[in-house]
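Since the structure comes first, as structure tokens, the remarks are kept for the end.
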Amino acid sequence: MSDTSRLIDEVTGHRRMRRNRRADWTRRLVRENALTVDDLIWPLFLVPGTGIVDPIDAMPGVFRLSVDKAVEAAREAADLGIPALATFPNIDMSLRDETGSHALDANNLINAATRAIKKAVPEIGMITDVALDPFTSHGHDGILRDGIIVNDETVEAITRAAVLQADAGADIIAPSDMMDGRIGVIRRALDANGHQDVGLMSYATKFASAFYGPYREAIGTGGLLKGDKKAYYIDPANGTEALRDAALDVEEGADMLMVKPGLPYLDICWRMKEAFGLPVFAYQVSGEYTMIKAAGAKGWIDEERVALETLLAFKRAGCDGIMTYFALDVAKALARAS
Ligand code: PBG
């Protein structure tokens with residue numbers, strides 16, 4: 001035994017962390033977390049028309065789909081075992097107005113897609129985002145009056161929109177607008193309209209983030225948005241405030257909690273899981289996806305391995321699942337590996 005070995009045994013007290021890492025079988029045996037297809041929620045972008053598969057510049061590999069194509073995508077996702085989809089509409093500019101009134105059309109794009117997907121692929125969970133930003137001419141999540149996003153009037157509108165989404169067959173409503181009081185008000189409205197079984201996934205902690213850029217191109221709000229969303233989304237500097245906001249949503253009846261964006265906010269995921277014990281999901285948002293794609297396309301990182309590592313990191317941070325644009329590719333990779 002060399003002097004160094006003797007010295008190492010002395011400083012470590014014969015504890016060698018590498019013993020458990022030495023072979024594939026030991027690594028598998030001691031592995032604490034795993035990513036499976038059951039952890040994935042796949043976001044889909046919708047456009048009007050038929051037969052449309054429209055690429056999004058800033059999100060290579062992601063497409064805006066017409067409803068018929070979204071149904072095909074849903075079939076593929078269900079066959080791979082992906083539990084749920086989340087839909088986001090890019091509606092005609094002519095339908096967008098100051099108050100986002102088209103959100104209250106029972107036959108709008110999001111509701112039409114829910115009906116078509118639920119009919120063709122009933123076994124897949126449908127999570128619908130409720131917020132006014134795809135429907136407003138200014139790209140804000142709420143109603144804009146005299147330069148202010150008015151809270152209570154917005155809650156009234158998104159509550160009606162949520163009931164229409166549930167009528168169309170949504171299984172989980174995901175309010176992503178950050179207005180105060182919306183979880184409790186939507187819960188009551190769903191119950192009053194016979195939708196006791198429809199769940200609420202609250203975007204409880206949604207941060208005023210620069211990572212949403214590519215998404216705004218995808219739903220066509222990028223050029224429209226005036227100002228920023230700092231008056232209603234949470235300051236990225238604030239973790240304790242995020243927990244307080246989530247606590248209110250839990251009290252108001254949220255069934256599940258969402259942290260958004262994901263990777264820069266793993267501390268929030270962990271704190272939420274510890275604090276509430278409710279299912280916690282992370283939304284790996286457009287900018288997170290795009291960074292991995294861009295570096296992968298340059299050959300600077302291994303896209304698939306980096307993507308899988310980020311998703312595993314969410315599991316380690318306590319998340320029950322992840323909403324990710326990688327969902328389909330990852331589901332395929334997991335199926336290949338098994
Ligand atoms: C707004 C909304 C946003 C995203 C989904 N819904 C944020 C925004 O545009 O401000 C972002 C999702 C992503 O970046 O992938 N209700």
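In this chain, residues are counted from 1 in sequence order. Counting starts at 1 for both ligands and their atoms, in listed order.
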**OP:** Only heavy atoms count here, so choose which of His140, Met59, Arg216 is nearest to atom 9 (O) of ligand 1.
**Re:**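 Selected option, by shortest heavy-atom distance: Arg216.
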Original post:
If hydrogens are left out, which of Phe207, Tyr232, Tyr215 has an atom nearest to atom 12 (C) of ligand 1, that is, the closest non-hydrogen atom?
Top reply: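 Looking at heavy atoms only, Tyr215 sits closest to atom 12 (C) of ligand 1.
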Original post:
Just how far is it from atom CD of Gln165 to atom CE of Met126, taken to the nearest 0.5 Å?
Top reply: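 Here the interatomic distance stands at 9.5 Å.
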Distance from [atom] to nearest protein heavy atom, with residue and atom:
atom                    : result
atom 5 (C) of ligand 1  : Lys260 NZ, 2.8 Å
atom 14 (O) of ligand 1 : Ser286 OG, 2.7 Å
atom 2 (C) of ligand 1  : Lys206 NZ, 3.1 Å

Subject >> Whether Glu288 lies under 4.0 Å from ligand 1, heavy atom >> reply: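 So Glu288 does not count as touching ligand 1.
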Original post:
Can Tyr283 be said to touch ligand 1, with heavy atoms closer than 4.0 Å?
Top reply: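 A heavy atom of Tyr283 does come that close to ligand 1.
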When you look for heavy atoms under 4.0 Å from ligand 1, do you find them on the side chain of [X], its backbone, both, or neither?
X      : value
Ala131 : side chain
Tyr289 : neither
Asp141 : side chain

**OP:** Might you confirm whether atom CD of Glu156 has over 12 heavy atoms from other residues, nucleotides or ligands at distances under 6.0 Å?
**Re:**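 No, CD of Glu156 has 12 or fewer neighbouring heavy atoms, counting only those of other groups under 6.0 Å.
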Subject >> Over 12 non-hydrogen atoms of neighbours within 6.0 angstrom of CZ in Arg244 >> reply: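 12 or below, so no.
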Original post:
Which heavy-atom pair separates Pro83 from Ile124 by the least distance, and what is that distance?
Top reply: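 Scanning both residues, the minimum pair turns out to be O-CG1, 3.5 Å.
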**OP:** Specify the closest pair of heavy atoms between Tyr325 and Ser286, including all atoms of both residues, with the distance to one decimal.
**Re:**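 Smallest interatomic distance, heavy atoms only, reads CE1-N, 3.5 Å.
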For ligand 1, which atoms sit closer than 4.0 Å to a heavy atom of [X]?
X      : value
Tyr233 : 1 (C), 7 (C), 8 (C), 10 (O), 16 (N)
Lys229 : 8 (C), 9 (O), 10 (O)
Asp133 : 1 (C), 2 (C), 16 (N)

**OP:** If the plane angle is over 60° it's perpendicular, under 30° parallel, otherwise tilted; pick one for Tyr212 and Tyr233.
**Re:**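 Perpendicular, since the angle between the ring planes exceeds 60°.
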Original post:
In terms of the angle between their ring planes, are Phe88 and Tyr215 parallel, tilted or perpendicular, with boundaries placed at 30° and 60°?
Top reply: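 Ring orientation, 0 to 90° scale: perpendicular.
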Subject >> Close N or O approach (Thr221, ligand 1; < 3.5 Å) >> reply: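 Min N/O separation from ligand 1 is not below 3.5 Å for Thr221.
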Subject >> Check: Asp129 N/O within less than 3.5 Å of ligand 1 N/O >> reply: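 In fact, backbone or side chain, Asp129 has no N or O that close.
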Subject >> Any Thr26 side-chain heavy atom under 4.5 Å of Arg19 side chain >> reply: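 No. Closest side-chain heavy atoms not under 4.5 Å.
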**OP:** Could you check Arg28, Arg21, Arg22 and say which one makes a side chain to side chain donor-acceptor pair (under 3.5 Å) with Asp24?
**Re:**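 When side chain to side chain donor-acceptor pair (under 3.5 Å) is applied between Asp24 and each of Arg28, Arg21, Arg22, only Arg28 qualifies.
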Original post:
Donor-acceptor pair, Arg182 side chain versus Ile158 backbone, under 3.5 Å?
Top reply: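 The answer is no, because no donor-acceptor pair under 3.5 Å joins these two groups.
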